[in-house]
Amino acid sequence: MADGGGTRRWRGVAALRPGRLVIVGQIGTAALHAHHTVQVIVAAEDMVLADRAGEHVVCRAAVVPPDVAHAVVRGASHGALVHLEPEPESAPGARWAAAVHPRDSAHGWSRAAAELRLDVLGEWLRAEQGVDRGASAEQRVAEGPADVPAHGLFTDEAAAFVDWVRSAIASKSEAEWLRVGAAGETVRHPAVAEVLRLLPERISAGPVRLAELARAVHLSESRLAHVFSAELGLPFRPYLRWLRMQRAAELLAAGHSLTEVAHQAGFADSAHLTRVCRSMFGAPPSEFDNLDWRGARRHPAHANS
């Protein structure tokens with residue numbers, strides 16, 4: 001998400017939870033990069049994306065598979081971007097990435113979005129922008145639904161994207177969207193519920209090992225791994241990475257230094273945090289400075305509560 005001189009920066013609101021990052025607002029430019037998440041980007045006006053081969057495409061929606069180099073050559077005044085974990089294979093991110101052919105082609109990214117009818121959401125965003133000029137862009141998206149063109153009826157995939165965007169924007173506190181095990185998450189297995197209770201404290205104390213958690217909840221490591229993935233839709237290791245990044249977002253929003261953030265979120269040091277952030281989202285933590293982190297704690301006094 002690097003900003004070139006005089007080019008558009010990323011601005012708006014963001015929300016992060018295990019398995020998903022949502023950013024809504026001004027779509028900025030980004031140099032050629034790759035990350036392990038599936039990226040879905042929708043804009044209210046034409047944007048320009050490029051692939052490693054230098055192929056450019058003008059589009060209003062795209063699905064970029066994980067570990068594929070891509071660049072945002074020209075952004076848009078308003079749009080929405082979602083990063084999704086590509087595992088397990090049944091997850092939305094994996095399904096959407098599977099629709100991209102060829103996977104390393106900019107034209108393939110835009111064609112996949114059109115096949116999933118995600119390109120219609122550009123019209124949805126445009127309509128939302130015209131609802132109330134006195135309201136913020138974020139309010140207009142959250143308050144909908146705006147009129148959608150007759151040819152643009154939402155598919156299930158498009159409706160899911162809209163729901164994610166609106167839920168992210170509506171988040172006012174950590175209890176609404178960010179918190180692991182908060183109301184709205186159905187966690188039926190008592191061992192998984194106990195692991196979720198233990199994780200926030202353990203991530204700031206150092207390495208977190210599944211074997212130790214399994215002993216704490218009186219299950220075998222393999223059994224805990226199975227029920228954890230079944231309950232939360234994400235294997236333990238990637239879930240833990242997202243949880244650490246969620247904690248980092250909270251601490252950054254509270255004004256902590258990068259070194260403090262790294263240590264309190266369970267990373268070895270700031271360089272480790274930066275590497276993980278780049279691998280997941282294609283940008284260092286500093287590139288998220290202009291985002292309003294919904295649900296993140298705002299006051300240092302509460303950062304460790």
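What you see below is based on every heavy atom in this structure, not just the backbone, and it leaves out hydrogens, waters and symmetry mates.
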When you compare the side chain of Trp164 with that of Val24, does any pair of heavy atoms fall below 4.5 Å?
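No; the side chains remain at least 4.5 Å from each other.
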Side chains of Val22 and Leu81: closer than 4.5 Å at any heavy-atom pair?
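No, side chains not in contact.
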Smallest separation among heavy atoms of [X] and [Y], with atom names:
{"X": "Ala43", "Y": "Ala76", "result": "CB-CB, 3.7 Å"}
{"X": "Gly206", "Y": "Arg244", "result": "O-NH2, 3.5 Å"}
{"X": "Ile203", "Y": "Arg247", "result": "CD1-CB, 3.8 Å"}

Within a reach of under 6.0 Å around NE2 of His272, are more than 12 heavy atoms found that belong to other residues, nucleotides or ligands?
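Yes, because the 6.0 Å sphere around NE2 of His272 holds more than 12 heavy atoms from other groups.
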Working note: His70 + His35, criterion side-chain hydrogen bond (donor to acceptor under 3.5 Å, both in side chains); need CA distance, chi angles, decisive distance, verdict.
CA-CA 9 Å; His70 58 286; His35 40 70; 3.3 Å; yes
Can we say Arg95 and Glu157 salt-bridge, meaning some charged N sits less than 4.0 Å from an Asp/Glu carboxylate O?
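Yes, this pair counts.
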Using 4.0 Å as the upper bound for N to carboxylate O, is an ion pair formed by Asp46 and Arg60?
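So Arg60 pairs with Asp46 through a salt bridge.
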Rounded to the nearest 0.5 Å, how far does OG1 of Thr274 lie from CG of Leu258?
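Reported value, rounded in 0.5 Å steps: 5.0 Å.
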Could you give the distance from CD (Gln26) to CG (Leu291), rounded to the nearest 0.5 Å?
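It comes to 10.5 Å.
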Is Leu210 linked to Val227 within one hydrophobic cluster, defined over Ile, Leu, Val, Met, Phe, Trp and Tyr using a side-chain heavy-atom separation of less than 4.5 Å?
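Yes; Val227 is reachable from Leu210 via cluster members.
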Chi angles and distances behind the ring pair (Phe, Tyr, Trp, His ring centres under 6.0 Å) call for Phe281, Trp242
CA-CA 11 Å; Phe281 310 127; Trp242 284 87; 5.5 Å; yes
Ignoring hydrogens and geometry beyond distance, is a side-chain donor-acceptor pair present between Thr37 and Glu85 at under 3.5 Å?
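Their side chains do not contain a donor-acceptor pair, so the 3.5 Å distance test is not met.
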Side-chain H-bond candidate by donor/acceptor type, His36 with Asp67, under 3.5 Å:
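Their side chains do contain a donor-acceptor pair, which is all the 3.5 Å distance test asks for.
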